[in-house]
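Please read the structure below before turning to the comments.
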Amino acid sequence: EPEVTQTPSHQVTQMGQEVILRCVPISNHLYFYWYRQILGQKVEFLVSFYNNEISEKSEIFDDQFSVERPDGSNFTLKIRSTKLEDSAMYFCASSTAGYTFGSGTRLTVV
Amino acid sequence: AQTVTQSQPEMSVQEAETVTLSCTYDTSESNYYLFWYKQPPSRQMILVIRQEAYKQQNATENRFSVNFQKAAKSFSLKISDSQLGDTAMYFCAFMNRAGNMLTFGGGTRLMVKP
C-alpha cells in the first residue's frame, strides 16, 4: 500500500536554528498538508499546498514557516528560527480522494 | 469555523466487550466528511473509518462502526469485540466539502484491559 514517508523520524535542534522537515507524498496525490501535534494536545492544521502554491494556512503558520516542493517528489516544511514552543510532532499528509498521513517527525527544540 | 468536541478524555473497556466513543461537531455546512483516526503509542495517525455527510447509512469497517446523527451533529464510534491492540488515542475529525483541511477533536484515550 502506498505510503507517505517522512524524514527524519526525530530531530533535535538548538533554539534559533533553522530546521527542514522532509516528506515524500504519495506519487499520484495532488494535495499536500502539514499538521502539528504538541505533546498531549490535539492535532492542528498548519498549511495545505496544491498546484505548487499554498491553498490555505492557519494562524500558526506565520512568517517563520515556509513550505516548498523543490523537485516534484519532496514536500518540505522549513522553520526559520526555532523556538522552544515549536517542539511537537509534525505530520505530513497527502490526498486525492482521501487523506494519508506520514508517521511523523518528532521535533525537539532545546 | 468548524469545531469538534470529544467529551471523554479517557475511557477503558474489558477485552472482548463493546465501547462507544462520543464526538460532536459544529458546522453550518450541509456537505462534509467525518473521520475517526487512531493514534497508537507510535503516534502514527491511522484512519479507522470515514463517513460522508450526504450518506444516511452509517459506515462500518469490520469491528468499527459509527452512529452518525446529522441533525444532532453527532458522530460516535463503536468498537465491538475490543482487542488489546485497540488501546490508543482516538481522534474525531471534520473536513468540509472543499476538502482542504481536517479539524480534529481533542481526543479520547482508550485503554483495553485484559
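Residue numbers begin at 1 in each chain, while the letters A, B, ... track the order of the sequences. Reckoned from all heavy atoms, side chains included, excluding hydrogens, waters and symmetry mates.
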Nearest non-hydrogen partners of Phe91(A) and Gln44(B), listed with the distance: CE2-CA, 4.4 Å

Crowding at CD, Glu85(A) (>12 non-hydrogen neighbours, <6.0 Å): yes

Test log, rule side-chain contact (heavy atoms from CB on, under 4.5 Å), inputs Phe104(B) and Gln37(A): CA-CA 11 Å; Phe104(B) 285 87; Gln37(A) 185 184 30; over 6 Å; no

Enclosure of Asp71(A) CG (heavy-atom neighbours >12, cutoff 6.0 Å): yes

Residue pair Phe101(A) / Tyr37(B), side-chain heavy-atom distance below 4.5 Å: yes

Approximate separation, where rounding is to 0.5 Å, of Met101(B) CE and Ser95(A) OG: 13.0 Å

Among Gln41(A), Glu56(A), Glu44(A), residue most engaged with chain B (heavy-atom pairs, under 4.5 Å): Glu56(A)

Over 12 non-hydrogen atoms of neighbours within 6.0 angstrom of CD in Gln83(B): yes

Check: Met45(B) and Tyr99(A) side chains under 4.5 Å, non-hydrogen atoms: no

Atom NZ of Lys57(A): over 12 foreign heavy atoms under 6.0 Å: no

Whether over 12 other heavy atoms sit under 6.0 Å from Lys78(B) NZ: no

Heavy-atom neighbours of Arg80(A) CZ exceed 12 at 6.0 Å: yes

Sidechain-backbone polar pair: Tyr35(A) side chain, Leu102(B) backbone, donor-acceptor under 3.5 Å: yes

Part of Gln6(B) within contact of chain A (heavy atom distance under 4.5 Å): neither

More than 12 heavy atoms from other groups under 6.0 Å of CZ on Arg50(B): yes

Sub-4.5 Å side-chain heavy-atom contact between Thr103(B) and Lys42(A): no

Chain B contact via Leu46(A) - side chain, backbone, both or neither, heavy atoms under 4.5 Å: neither

